[in-house]
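Only one structure is covered here, and it is reproduced in the block below.
What's counted below: heavy atoms across the whole structure, side chains too, no hydrogens, waters or symmetry copies. Each ligand, and each atom within it, is numbered from 1 in the order the structure gives.
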Amino acid sequence: MFLTDEEKRILDGAEGTGRQKAMEMLYALGLTFDAEKLIPVKRTHVALSGQEGDTYWCELLVNGGAVCSVPPTTNPYWDTDYLTKFYDVTPEEFDLARRTGEAYRKIGAILTYHCAPGVCTNVPFFGEHIAFSESSATPYVNGAIGARSNRESSISALAAGVIGKTPYYGLHIDDNRRGDLLIDVDADMKECYDWGILGYCVGRIAGSLNPVLRFKNKVNPGPEDFLYFGAEAATSGAVAMYHMVGITPEAPTIEAAFGGKKIPAATAVITGKTLADEEATLTANTGVINLVMLGCPHYTYSQMLEVERLFNGRHVSDHVAFWILGESGAVELAERSHLRQRLELLGVRMVGQTCIDEPCWKSFEGHLGLTDSPKCAYYRERRGQPFALRRLSGCVEAAIKGRLD
Ligand code: F3S
């Protein structure tokens, strides 16, 4: 792997151990994937998780004097000021959250605490080389926007932020962005929930390959639809790049999606029944619920408005906590426009900066939770809380009744 003289100097430690460690990480990654060189990036995003390993890595770089040359935006962990008014955490959990915020502040990160940076807060342009971690953000920036990022870890994305470069391999290279398999879709796509279930199906079929979707009916996905699709394709599979023929920017035609390669026969046809069957495997739980959790990935302002419309003045059942996790700007906008206050009167709370997979939610574990996101259900179940899945209207009706039939 070619390194410039300046990159070799950093690797030799001439600019301090923090930058040296970051360069070691990028060099090792490049060697592993046979990258020929490093390329500059002007945009990075780190899936800061508030977990010990990620925080350790950031502190290691900070203690070695590193500061980001391309400051990354950051994923959420949890709002320690607001959520401790409601829920208990241990001193160790609180201390880890505090350390995490401090380490990322010191390294110069932009503390957006938002997991859909491609929708707002850190939006790349077509063809831009970037280094993004967060499994739902990567398919969005590659597929929906046509920017170029590998599926970075928080470790490699932070290293890219420090050095301002990333190894040139994978989805940075034209050949690796072409479609690998064709999936025909013959189903009605009404709302982002349907796109999420479609993504879940596609991820299971495609694994880590690049799927090309060809729709029988006319579809017109919006940002939340792309986001839900990619989030779920990266949950059931490891999809980081996809094409939708006639829709996404690198697939104006099916020929373009396959980059001139022979167009294969369809690997699968996904129908309305396929989606319903997939949904049935994810929604088996019923009974009394204690939590409804929306916003995995983070809700936008228009999704928050839709929650209010569906409640139509009715109130959440007394024994149910109803939380919307949103981008901080959307939460602030909701506050300024009094949407937040109106929803609170109905028993709906919202919080920024926060992920569903954090210790602040542990008091709900052991009882049934409900969400509109397969990704949320997947991660919460790993934490020990059974979860059910419904489209948003179903989540609202169950929250009012306090149970899921
Ligand atoms: Fe965001 Fe956490 Fe879900 S980072 S996508 S809320 S698992």
Show me the pairs that pass salt bridge (Lys or Arg N to Asp or Glu O under 4.0 Å) and involve residues 238-247, at least two apart or across chains.
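Found none.
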Exercise for review: Compute both the distance and the angle, then confirm whether Lys37 meets the cation-pi test with Tyr168: under 6.0 Å from the six-membered ring centre, within 45 degrees of the axis.
Suggested key: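 Because its charged atom sits under 6.0 Å from the ring centre and within 45° of the axis, Lys37 does stack over Tyr168.
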- Aromatic Tyr82 / basic Arg340 pairing, under 6.0 angstrom, 45° off normal: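 The answer is yes, since Arg340 meets both limits relative to Tyr82.
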Please report the number of protein N, O or S atoms that lie less than 2.8 Å from atom 1 (Fe) of ligand 1.
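Every protein N, O or S atom under 2.8 Å from atom 1 (Fe) of ligand 1 counted, the figure is 1.
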| message | Check for me whether the distance between the ring centres of Phe86 and Trp323 falls short of 6.0 Å. | response |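 Aromatic pair counts; centres sit under 6.0 Å.
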Check: Between Phe226 and Tyr242, how do the two ring planes meet: parallel, tilted or perpendicular, split at 30° and 60°?
Finding: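 Correct class here is parallel.
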Determine whether the side chains of Ser136 and Glu134 contain a donor N or O and an acceptor N or O closer than 3.5 Å.
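Short answer, yes.
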